[in-house]
Amino acid sequence: MTEPSPDPGKTLAASLTLRGALAMALAFVAGRLGYSIPDGQAQMFADAIVQIVFYGGLLAVGVGRARAKGPLA
């Protein structure tokens, strides 16, 4: 039997693997700095960072596109 293929419509911003890895990294860094993060807070911070990066990228593309002088080829 073959494994089901991943959903092609899933974006990087919706990736649970990305958010989980970022949450673990945030928890690790906070632990190394001596801070304790309550349960669920690292995931919330990871979600916020992913959203900021995603929408910041969209904004940068929009600004770059507005400044472009010619049409997309």
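For the pair Ala46 and Ala23, the tightest heavy-atom approach, listed with the atom from each and the gap, is CB-N, 3.6 Å.
Scored by the side-chain contact (heavy atoms from CB on, under 4.5 Å) test, Ala30 finds Tyr35, Ile37 as partners (sequence neighbours excluded). The side-chain contact (heavy atoms from CB on, under 4.5 Å) check on Ile52 picks up nothing, with sequence neighbours excluded. For Tyr55, the side-chain contact (heavy atoms from CB on, under 4.5 Å) test picks out Gln51, Leu58, with sequence neighbours left out.
Note: Arg19 CZ to Leu26 CG = 13.0 Å, rounded to the nearest 0.5 Å.
Following chains of ILVMFWY side-chain contacts shorter than 4.5 Å, one cannot reach Val29 starting from Met24, and the two form parts of different hydrophobic clusters.
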